[in-house]
Peer 1: 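This structure is in structure tokens; I'll ask about it shortly.
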Amino acid sequence: MNEGAIDVDELDGGFDLQSTVESGQTYLWNRRDGRAYERDGVHGGDHWYSTVLPATATATNEPEVVLARQLDGRLEWRASTPNAHERLVELLRLDDDLDAIAASAPDEPLVERAYASYSGMRLVRDPPFGSLVSFICSAQMRVARIHGMQTRLAREYGTPVEFDGETYHAYPTPAQLAAATEAGLRDLSLGYRAPYVRQTAAMVEEGEVDPAHARSLPYEDAREYLTQFVGVGQKVADCVLLFSLDFLQAVPLDTWIRNAIADHYPDCDRGSYEATSRAIRDRFGGAYAGYVQTYVFHFLRST
DNA sequence: TATCCAAGGTAAGTT
DNA sequence: AACTTACCTTGGATA
């Protein structure tokens with residue numbers, strides 16, 4: 001058993017684990033108490049969360065189990081491998097300077113209220129394939145159900161890992177999902193997203209297209225690149241760029257942000273996704289516009 | 001108890 | 001290019 005703790009009061013801008021993993025950016029963390037994600041969630045809870053990194057991303061080529069919980073300024077972790085501290089820095093962006101990022105946000109009432117409500121919320125850096133598939137599943141779906149789909153996908157198709165007397169499941173690999181049938185995926189309540197997930201997994205498995213490759217492209221080219229995958233339009237592409245591939249300027253134009261634009265920034269509505277995206281990105285401060293998007297999204301959705 | 005509706009959109013077909 | 005429409009599923013609202 002490897003364990004340790006991180007003093008998050010030392011981080012620039014602090015940290016809030018619950019709002020970070022339950023704000024609809026990631027569907028790859030689970031509450032270990034088994035309670036429904038984002039339903040029984042009482043803010044400030046000290047429950048353990050778990051995530052399992054895919055074998056392909058780990059040194060030993062075994063899935064890596066990471067558990068974390070926050071008690072005030074102390075982020076405790078337990079893991080199946082010794083390097084969980086750096087994993088948490090990577091997965092939860094603990095090296096982002098939140099104070100500087102918040103300072104770059106526009107001085108506007110909606111944005112300031114959103115930042116004040118979720119102090120310490122950070123963006124995540126999910127593994128690319130899991131991020132891609134979970135946002136393909138997000139089309140016309142509620143946050144709690146998107147999370148449920150990912151949990152079922154892992155249980156049904158992912159590699160089981162024993163840790164501390166319990167069985168966890170890694171998120172499925174591209175090969176594992178490519179081998180699934182559409183009917184099998186529909187049985188997990190993916191609905192019309194089932195063929196999208198299977199085909200996208202097959203594309204990644206064949207190796208001709210790789211979601212991580214987008215990281216090396218200019219922002220708008222990266223978004224175009226990701227739309228090659230089946231079930232990925234510009235909005236889903238922006239989510240993967242923001243929540244996995246380090247494009248902190250990406251502002252996914254979902255229903256909540258579109259409503260916010262209509263209500264608060266009508267001059268940013270330029271008709272097309274591309275032009276509106278540029279306008280709201282500029283309004284939200286440019287380089288860290290995606291951080292503003294995430295705070296506003298979480299704020300609007302939870303009030 | 002039954003019916004209706006919308007949920008972090010995308011693909012395919014028309015104009 | 002811009003504009004429609006169909007698409008699975010289900011929890012919660014409405015009648």
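Residue numbers begin at 1 in each chain, while the letters A, B, ... track the order of the sequences.
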Peer 1: ring-ring contact (aromatic ring centres under 6.0 Å, His included) with A:F299: which residues, sequence neighbours excluded?
Peer 2: none

Peer 1: Within this structure, what is the CE-to-P distance between A:M203 and B:dA11, rounded to whole angstrom?
Peer 2: 10 Å

Peer 1: A:E224 has an atom CD; how far is it from atom C1' of B:dT10, in whole Å?
Peer 2: 14 Å

Peer 1: Does A:F135 have any ring-ring contact (aromatic ring centres under 6.0 Å, His included) partners at least two apart in sequence or in another chain, and if so, which?
Peer 2: A:Y27, A:F243

Peer 1: Send over the distance from A:M141 CE to C:dG11 P, rounded to a whole Å.
Peer 2: 11 Å

Peer 1: Could you tell me the separation between the CD1 atom of A:I146 and the C1' atom of C:dG11, rounded to a whole number of Å?
Peer 2: 14 Å

Peer 1: Side chains of A:E274 and A:S272: do they bring a donor and an acceptor to under 3.5 Å?
Peer 2: no

Peer 1: What I want to check is whether the side chains of A:D238 and A:Y219 have a donor and an acceptor closer together than 3.5 Å.
Peer 2: yes

Peer 1: Look up atom CD1 in A:I136 and atom CE in A:M141, then write down how far apart they are to the nearest 0.5 Å.
Peer 2: 14.0 Å

Peer 1: Apply side chain to side chain donor-acceptor pair (under 3.5 Å) to A:Y288 and list each qualifying residue two or more places apart in sequence or on a separate chain.
Peer 2: none

Peer 1: Between C1' on B:dG9 and CE on A:M149, what's the gap in Å once rounded to a whole number?
Peer 2: 12 Å

Peer 1: Pick the nucleotide of DNA chain B nearest each of A:F297 and A:T227; which residue has the one closer to the 5' end?
Peer 2: A:F297

Peer 1: What I want to check is whether an N or O donor and acceptor connect the side chain of A:R145 with the base of C:dT9 at under 3.5 Å.
Peer 2: yes

Peer 1: Which residue pairs satisfy the salt bridge (Lys or Arg N to Asp or Glu O under 4.0 Å) criterion with at least one member in residues 47-59 of chain A, sequence neighbours excluded?
Peer 2: none

Peer 1: Send over the distance from A:R142 CZ to B:dG9 P, rounded to a whole Å.
Peer 2: 11 Å

Peer 1: Counting only heavy atoms and a strict 4.0 angstrom limit, can you tell me which residues of residues 178-194 of chain A come near DNA chain C?
Peer 2: A:R186, A:S189, A:G191, A:Y192, A:R193

Peer 1: Could you tell me whether A:E182 and A:R198 have a side-chain N and a carboxylate O separated by less than 4.0 Å?
Peer 2: no

Peer 1: For DNA chain C, find the residues of residues 253-289 of chain A with a heavy-atom distance under 4.0 Å and give them by number; none if there aren't any.
Peer 2: none

Peer 1: Roughly how far apart, to the nearest Å, are B:dT3 and C:dC8 at atom P?
Peer 2: 22 Å

Peer 1: Where each residue is assigned the nucleotide of DNA chain B containing its nearest heavy atom, which of A:F135 and A:F229 is assigned the position nearer the 5′ end?
Peer 2: A:F135

Peer 1: Please list, in numerical order, the residues of residues 231-248 of chain A that have a heavy atom closer than 4.0 Å to any atom of DNA chain C.
Peer 2: none

Peer 1: Applying side chain to side chain donor-acceptor pair (under 3.5 Å), can you list everything that pairs with A:R113, at least two apart in sequence or on another chain?
Peer 2: none

Peer 1: Is any side-chain nitrogen or oxygen of A:Q140 closer than 4.0 Å to OP1 or OP2 of B:dG9?
Peer 2: yes

Peer 1: According to the side chain to side chain donor-acceptor pair (under 3.5 Å) rule, which pairs have a member within residues 89-108 of chain A, sequence neighbours left out?
Peer 2: A:R87-A:E90, A:R93-A:D96, A:R93-A:D246, A:D96-A:Y291, A:E108-A:Y265

Peer 1: So, using ring-ring contact (aromatic ring centres under 6.0 Å, His included) as the criterion, who are the partners of A:Y196 when residues are at least two apart?
Peer 2: none

Peer 1: Hey, are A:S277 and A:R223 close enough side-chain-wise for a donor-acceptor pair under 3.5 Å?
Peer 2: yes

Peer 1: DNA chain C in dot-bracket, Watson-Crick or G-U pairs under 3.5 Å, [ ] crossing, | other strand?
Peer 2: |||||||.|||||||

Peer 1: Calculate the interatomic distance between A:Y196 atom OH and C:dT9 atom P; express it in whole Å.
Peer 2: 14 Å

Peer 1: Have A:Y49 and A:Q70 got a donor and an acceptor in their side chains that come within less than 3.5 Å?
Peer 2: no

Peer 1: Pairs in or reaching into residues 148-164 of chain A: which pass side chain to side chain donor-acceptor pair (under 3.5 Å), with residues at least two apart or in two chains?
Peer 2: A:N30-A:T151, A:R78-A:D164, A:Q150-A:Y171, A:T159-A:Q176, A:E162-A:T167

